[in-house]
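Input: a single structure, listed below in structure tokens.
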Amino acid sequence: MKWTNTLISTQRDDPQEAEIPSHRLMLRAGLMRKLASGLYTWLPLGLKVLRKVETIVREEMDRAGALEILMPILQPRELWEKSGRWEAMGPIMLRSQTHGGRELALGPTHEEVVTDLVAREISSYRQLPVNLYQINTKFRDEIRPRFGVMRSREFIMKDGYSFDLDEAGADRSYRLMYQAYERIFRRCGLEAMAVEADTGVMGGKESHEFMVPAETGEDAIAVCPACGYAANVEQAAIGAGSSAPERTAEKLEEVATPGLRTVEELSGFFSAPPSRFIKTLIYLAGGKPAAVLIRGDREVNESKLARRLGAAAVLADGETIRAVTGAPLGFAGPVGLTGVEVLADYSVAAVADGITGGNREDLHLRHVNIDRDCPIPEYLDLAIAAAGDRCPSCSGNLAIRRGIEVGHVFKLGTKYSRSLGAVFNDERGEEQPAIMGCYGIGVSRTVAAIIEQHHDEKGIIWPAAVAPYQVLLLALAPDRPEVAAAAEDLTVRLSGRGLDLLYDDRSASAGVKFNDADLIGIPVRLTVGKKFLQTGLVEVKARNSDELHAVPPEEVPDLVERLLGQA
RNA sequence: CGGGGCGUAGCGCAGUCCGGUCCAGCGCGCCUGCUUUGGGAGCAGGAGGUCGGGAGUUCGAAUCUCCCCGCCCCGACCA
């Protein structure tokens, strides 16, 4: 392909709107253009990459035995009501209607449609297991789209769904997908890691996210360098702390704290770090209040709390707080608190000389010795994991890294198969719900993640497997007939090997071409110009190396293939 | 949704505080011609703007006031 015959427009300046490298480079290198917030047009160069990632995904899904289908984006309301998610999805789901007033969802995901399909197509255990997938556009009205295609309103996703006879089969399907995902990301040139994840609105019991470690990632991952434990911080368990510290012997003391409610304000007032405070949060779970104690510098993990309480927990309103503690918001404390379930996080056990609310307006207590003043029978794991916390599976300490979530696999169980009727007759003629799993890959986000992991200050460095072209041929002074002839000769030699080549035939100056070459990041660069006319040697350079090779044209194809093998 | 910032040519920006000297300017890009071609070329000529939109104040508005829209960043109930 000649550069002048395609649409590649690079930009010299960083776009003012882009913050992170992938977003900046995707705009500068001309991979995409923004239409509106969270909405992007893929230009030819970007689309080629997207398609290569799709192809890898497709090949590995097919290899794992999954079957490709294509489902509608528009989905009737009634289907979503069956699963209870017409409401549960809330504002993230975009909705529309026909001129007749029939309400439709713009699919944010496809559990409902696929399960309905299977309900209609499958009736016997003989037809299972089955694993269906598609690569399609998803719509999510993100609260705050950002970072280009990293978090956008409309994006390309591979979503797959497995249906099995029993738990053992579902485990097998899950494992197959997990392994397929490892292969997919490896083939895309990504260093990705699987981490334990929260199941969130999807429901289900087990789940792993595939994370690409990156400073700019939106997710935080807790990892244990000692044993390899890895989990999203939303999910990460924390091991019980070490032995309790020396407690204070000082007497409990009431201190007037007019109008001081937050740990931050009180920390200044008492000249004590937040870690000296025992924060007391009143939650409501299933209509019942619960008091949660946690050290002032830590945060409650509401998923852990919900699991412990057996119901989703939300922070209580002022009225409930007053009813439970006798004080307005800001003055709750564990000492003397009765008539409410009290749950204490591990971190509280480490507070030696604590400060808490006094359960009276404008009053706090200091010199709290938790063992003496309100003994806690059992400390629990209720906090969001933080660096230095004890690993739940060994004696190591957790570290926090940031990552980009490129894939997510769930064991769903029978939530959707029951509500949508995906049942089959087993050998005994008894009706059973299929056991489901679901598996997603953010295809467009994967492209951005690849750039996050493969770039330098000059531009993108594509891994060969996903590069838009494998070879970039630069002709310096392309109007000189000898140069044009050499370029033509090289093009023929390389296309004979099935290599996809981009020929920069623009009559721009050398600097422009070299800089654009670095920016768009094609793995192998060939240069023919004055030096070639003098020596008859073609300059060959890999984007991921500084080494320059000079070889005669007939040796170029072999060298190119060797360099591509290392890209 | 809360807070902050921004909106002037395709891209990056100056001008706005303090209204007139701006029927708006700079760099890059774009078009024509000639020269040039190994790390963002030179000369000459040229095109391109409802200054985000609307209403208002004023003799006069990119600039002041009000309303609206768009975009970006941070945060989202932690007592």
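Reminder, nothing fancy here: chain letters follow the sequence lines and each chain counts from 1.
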Please give the nucleotide sitting opposite [N] as a Watson-Crick or G-U wobble pair, both distances under 3.5 Å, or none.
N	value
B:C51	none
B:A62	none
B:C11	B:G27
B:C6	B:G70
B:C1	B:G75
B:C18	none
B:U37	none

Within the structure shown, what part of the strands sits under 4.0 Å from [X] by heavy-atom distance: base, sugar-phosphate, or nothing?
X	value
A:L474	nothing
A:S9	nothing
A:R12	base

State the CZ-OG distance between A:R298 and A:S275, to the nearest 0.5 angstrom.
->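 The distance works out to 11.0 Å.
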
Using the side-chain contact (heavy atoms from CB on, under 4.5 Å) rule, take A:L365 and A:E254 through it: C-alpha gap first, then chi angles, then the decisive distance, then the call.
-> CA-CA 5 Å; A:L365 303 176; A:E254 296 189 347; 3.6 Å; yes

Output all residues satisfying side chain to side chain contact (heavy atoms under 4.5 Å, CB included) with A:A29, sequence neighbours left out; order by chain, then residue number.
->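 With sequence neighbours excluded, A:A29 shows a side chain to side chain contact (heavy atoms under 4.5 Å, CB included) to A:L31, A:I460, A:L519, A:I520, given in chain and number order.
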
Taking N and O atoms by type only, does the side chain of A:R525 place a donor or acceptor under 3.5 Å from a partner on the base of B:G39?
->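 Flag set: donor-acceptor pair detected.
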
Is a donor-acceptor contact shorter than 3.5 angstrom present between the side chain of A:D14 and the base of B:G12?
->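 Between B:G12 and A:D14, which were checked side chain against base, a qualifying N/O pair under 3.5 Å is absent.
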
How many Å lie between [atom1] on [X] and [atom2] on [N], as a whole number?
X	N	atom1	atom2	result
A:L472	B:G39	CG	C1'	14 Å
A:L315	B:A76	CG	P	13 Å
A:E302	B:A76	CD	P	12 Å
A:R28	B:C11	CZ	C1'	11 Å

Residues in salt bridge (Lys or Arg N to Asp or Glu O under 4.0 Å) contact with A:D13, at least two apart in sequence or another chain |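 Partners of A:D13 under the salt bridge (Lys or Arg N to Asp or Glu O under 4.0 Å) test: none.
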
Not counting sequence neighbours, which residues clear salt bridge (Lys or Arg N to Asp or Glu O under 4.0 Å) with A:D362? List them please.
->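 Listed in chain order: nothing, the list is empty.
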
Below 3.5 Å is the cut-off: list the nitrogen or oxygen pairs between protein and nucleotides 71-74 of chain B, distance only.
from, atom 1, to, atom 2, distance (Å)
B:C71, OP1, A:S37, N, 2.8
B:C71, O3', A:K34, NZ, 3.1
B:C72, OP2, A:S37, OG, 2.8
B:C74, OP2, A:R144, NH1, 2.9
B:C74, OP2, A:R144, NH2, 2.4
B:C74, N4, A:R144, NE, 3.4

If you restrict it to nitrogen or oxygen atoms, what contacts under 3.5 Å exist between nucleotides 31-35 of chain B and the protein, and what is each distance?
none

Find every protein N or O atom lying less than 3.5 Å from an N or O atom of nucleotides 48-51 of chain B, and list the pairs.
none

Taking OP1 and OP2 of B:A41, is either one under 4.0 Å from a side-chain nitrogen or oxygen of A:S509?
->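 A:S509 to B:A41 OP1/OP2: side-chain N or O found under 4.0 Å.
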
